[in-house]
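Structure first, then comments.
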Amino acid sequence: MSQSTVPCYTIINSPDLEVPNEMQLKQDLEKGDTNVKIDTLKKVIQLLLNGERLSGLIMTIIRFVLPVQNHTIKKLLLIFWEIVPKTSPDGKLLQEMILVCDAYRKDLQHPNEFLRGSTLRFLCKLKEPELLEPLMPSIRACLEHRHSYVRRNAVLAIFTIYKNFDWLVPDGPELIANFLDTQQDMSCKRNAFLMLLHADQERALNYLASCIDQVNSFGDILQLVIVELIYKVCHANPAERTRFIRCIYNLLNSSSNAVRYEAAGTLITLSSAPTAIKAAAGCYIELIVKESDNNVKLIVLDRLIAMKDNENMEKVMQDLVMDILRVLAAPDIEVRRKTLALAMDLVSSRNINEMVLVLKKEVSKTHNVEHEDTGKYRQLLVRTLHSCSIKFPDVAASVIPVLVEFLSDTNELAAADVLIFIREAIQKFPALRSLIIGHLIEAFPQIKSSKIHRAAVWILGEYVDDKSQILEVIDVITQTLGEIPMVEAEQRRLAGEQTDEELSAAQAAPATQTTNSKVTSDGTYATQSAFSLAPVAKKEKRPPLRQYLMDGDFFIGAALSATLTKLVLRYADLEQDVRSQNRLTTRVMLIMSSILHLGKSGFPSKPITNDDTDRIFICLRTLSERTEEAVEVFKRYCREALGKMLDAQAEEDQRVLKEKQKAAAKVQPDDPVLFSQLSNGRENQLGENVFESSLNQALAGTKSTNLSDITSPNNKLNKVTQLTGFSDPVYAEAYVNVNQYDIVLDVLIVNQTNDTLQNCTLELATLGDLKLVERPHPVVLAPHDFCNIKANVKVSSTENGIIFGNIVYDTSINTNVVVLSTIHIDIMDYIIPATCTDTEFRQMWQDFEWENKVTVNTTFTDLHEYLKHLLKSTNMKCLTPEKALSGQCGFMAANIYAKSIFGENALANLSIEKPVDDPDSKVTGHIRIRAKSQGMALSLGDKISSSQKLCVQAS
């Protein structure tokens with residue numbers, strides 16, 4: 001049997017064994033007791049799997065081991081006869097196998113059902129018809145055995161023999177059909193029906209038609225096969241749909257979740273009727289709600305998302321939004337995220353109010369709940385309510401009070417999302433401005449974060465245009481700042497704290513003691529003492545804005561000054577009384593000067609910065625001089641800049657939506673026919689064979705192979721690495737296939753000598769977070785012969801890795817070693833472009849501790865061209881909007897982001913420059929990379945450096 005046609009046997013992991021003497025093995029098999037024979041037989045099996053040929057032991061095992069009636073030996077013999085070569089070098093069956101065949105004929109007639117069943121399972125693996133032919137009467141007789149274990153394995157044996165050698169059992173379908181009519185055991189019926197499904201569909205259909213009303217009472221293993229049969233028959237002959245679609249409807253109510261899932265998938269491929277779509281979607285939703293496994297929930301959610309992407313099904317599914325929201329009861333954050341995204345895509349004006357009510361209830365459920373994902377879930381709810389309000393303005397009025405409550409939340413990300421929503425809503429919905437401002441003023445004192453206070457102050461300063469509300473905002477700001485002037489108040493506070501400390505120290509040192517004498521019961525005198533301590537005064541808590549300033553955060557002071565300036569200028573337009581204008585102006589200027597004084601007083605933990613000082617001085621100067629240009633900046637240009645930014649974001653969202661719609665797969669009448677063997681594994685194709693696609697995904701992984709990959713050598717040849725030289729005695733090259741967490745090395749080894757290479761072994765080792773799963777087995781190479789050896793490597797993190805090793809082989813003279821070139825595993829195989837919000841980017845940038853700074857060294861003379869080259873070489877995505885990067889000013893700063901298949905985040909900040917007046921000058925600057933792990937930061941930096949070197953060499 002040639003190397004390419006050797007079957008795949010049962011693999012048994014074994015340690016490195018020393019090859020024992022064959023005579024010693026024979027002696028142990030002949031004269032040893034049962035335990036010795038068991039141990040020796042295990043050694044023989046391991047040696048055979050490691051490539052040894054022990055043909056001299058076959059007769060010994062037949063004479064001294066085969067007759068032993070021990071179950072362990074019987075099981076080991078099944079493995080031995082499976083892997084031992086059964087033919088001579090000329091391809092003829094060994095004479096000894098006739099004796100083995102007779103022994104197994106006796107085992108097929110053995111009274112023990114385990115021996116019979118295990119022997120029948122072994123016969124499914126035999127590929128020699130000469131061995132099977134004498135056993136056929138015994139196999140047929142096992143169909144009538146009293147035990148179901150024997151009967152179902154007998155069906156499998158007949159199925160396998162009929163599939164490989166149909167002339168051995170020409171009446172196989174008829175035999176199994178008769179067997180099926182008389183059986184009650186579900187496992188036997190399932191195996192028999194499975195054979196009819198593949199061997200004779202007509203008989204399978206006849207049986208199904210005879211018992212179609214009883215399908216719901218069948219076991220789940222049989223129901224799954226019935227679903228597969230209906231799917232295949234109805235796709236091959238659409239006229240049969242009306243005959244069996246009712247059966248599929250009934251199976252949607254099966255007690256087995258697996259049957260319900262397959263039945264729902266089959267139903268939507270057989271019928272596009274609204275009732276069928278609604279029934280399948282309802283079944284999927286019930287599965288998600290009732291199934292506890294998160295992986296199952298995510299898989300079924302993906303099926304619902306695939307249904308939503310189909311235009312014909314989307315309209316029907318819009319009525320199921322409230323049912324889909326039931327999935328939010330799941331605790332997993334990823335399930336909730338997908339559910340909210342799906343519901344947001346399906347919601348319409350008919351059910352938006354009900355959806356908002358559900359989301360409000362979910363918000364209330366997250367209060368006072370301590371869980372690691374609660375903050376993320378609250379943030380998801382905020383974003384969903386935000387999207388609902390923008391998409392359906394009618395519900396914005398009811399959503400705003402709920403969202404404003406999040407401003408006092410300890411989760412800063414959720415509060416930041418609320419302010420983003422408020423900023424967008426107050427700009428787009430002028431009718432709601434009064435309502436939004438009222439709630440924002442009410443929630444202002446309860447805010448706990450400096451960033452949130454700063455954004456809230458800006459919104460109030462930009463959009464409050466009512467005279468009474470202006471005064472109300474200034475009052476609430478003064479309240480959260482505390483007593484003005486602040487330096488004098490802090491001095492009094494400090495003096496008061498010192499007085500309290502002195503008082504408590506004086507009271508604590510000589511504690512108040514009262515002493516009196518007392519006569520005890522026995523007539524003696526005793527002294528009784530009592531100590532009393534005066535209470536120590538508690539420190540008064542500062543208002544929130546004052547506390548920020550005392551902590552050195554004077555950026556909030558600059559934002560306050562700009563807001564107060566806008567409010568005073570707007571108040572001057574509304575109030576005709578000059579005295580009221582001047583009174584408010586002086587009040588505001590006192591607040592600004594007090595902030596400046598406090599920043600230079602030494603009381604805060606950090607002094608005020610020069611930038612914040614300059615901004616506050618500009619505000620003071622604007623209020624005192626009232627120049628036309630400065631007033632216009634505060635009154636008009638700030639709001640115009642916000643409007644332009646929101647319009648740019650809306651345009652970007654529309655562009656992304658159009659790109660998604662263009663990328664959506666639509667089947668046209670003139671589209672080519674899809675062959676499963678040559679298909680590219682298109683996802684979300686609901687009309688595909690769900691059974692075959694599931695099997696293909698399990699075997700080939702998520703990366704698909706399309707027709708261009710098969711017919712064009714470009715992709716595969718680019719991943720071939722030469723491991724040895726052409727003049728080496730053994731030539732080797734490897735095809736590296738990276739599939740998510742696995743790396744498969746397909747190594748071609750060619751014997752270029754005139755000698756036979758014994759024990760030719762591929763020895764590999766790894767550097768980095770790579771782990772070799774199993775050691776490749778040694779092979780024997782004839783002169784000028786070749787073979788392929790596969791090795792699996794597991795990947796556990798995103799960083800560059802190295803695989804190295806050598807090839808060891810024996811000749812008739814000595815042992816030789818050929819050192820292999822190293823295989824570099826590229827980090828780009830694990831990184832995919834991703835997106836995140838600016839708030840999330842800044843938070844991750846702050847949290848990640850590993851930073852790698854790469855200096856830009858390139859021949860590019862254009863900033864935008866260098867950015868494109870960087871994104872292409874690192875597989876990352878630029879988060880900075882295109883409009884922010886447009887133009888030529890000589891500088892560029894951009895944020896770049898990517899995510900690995902392991903869930904790791906990679907951040908990069910690009911800062912480059914180039915003189916505008918010199919068109920031939922090169923781009924200079926640096927790139928700062930941040931990641932959670934050191935390996936990812938360093939590997940990404942190495943990738944950027946190497947891409948720059950290639951660019952320099954190419955130039």
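Using modelled atom types, one finds a donor on one side chain and an acceptor on the other under 3.5 Å when comparing Gln547 with Asp551.
At distances below 3.5 Å, not a single donor-acceptor pair connects side-chain atoms of Ser580 with backbone N or O atoms of Gln576. Arg336 places no side-chain N or O within 3.5 Å of a backbone atom of Leu381 that could act as its donor or acceptor partner. At least one donor-acceptor pair under 3.5 Å links the side chain of Asn852 to the backbone N or O of Ala937. Put simply, the side chain of Asp345 never gets that close to the backbone of Leu342: no donor and acceptor are under 3.5 Å apart. Remark: side-chain polar atoms of Thr384 are not paired, donor with acceptor, to backbone N or O of Leu340 under 3.5 angstrom.
Of all the heavy atoms in Ala906 and Leu940, the pair that sits closest is CB-CD2, 3.9 Å. Residue Ile896 comes nearest to Leu867 through the heavy atom pair CD1-CD1, 4.3 Å, listed as atom of the first residue, atom of the second, then distance. Residues Ala330 and Val335 come closest through the heavy atom pair CB-CG1, 4.0 Å. For the residue pair Lys877 and Pro833, the shortest heavy atom distance occurs at CB-CB, 4.0 Å.
Heavy atoms of other residues, nucleotides or ligands lying less than 6.0 angstrom from NZ of Lys606 number 12 at most.
Among Arg842, Met876, Glu851, Met844, the single residue meeting the side-chain contact (heavy atoms from CB on, under 4.5 Å) criterion with Leu907 is Met844.
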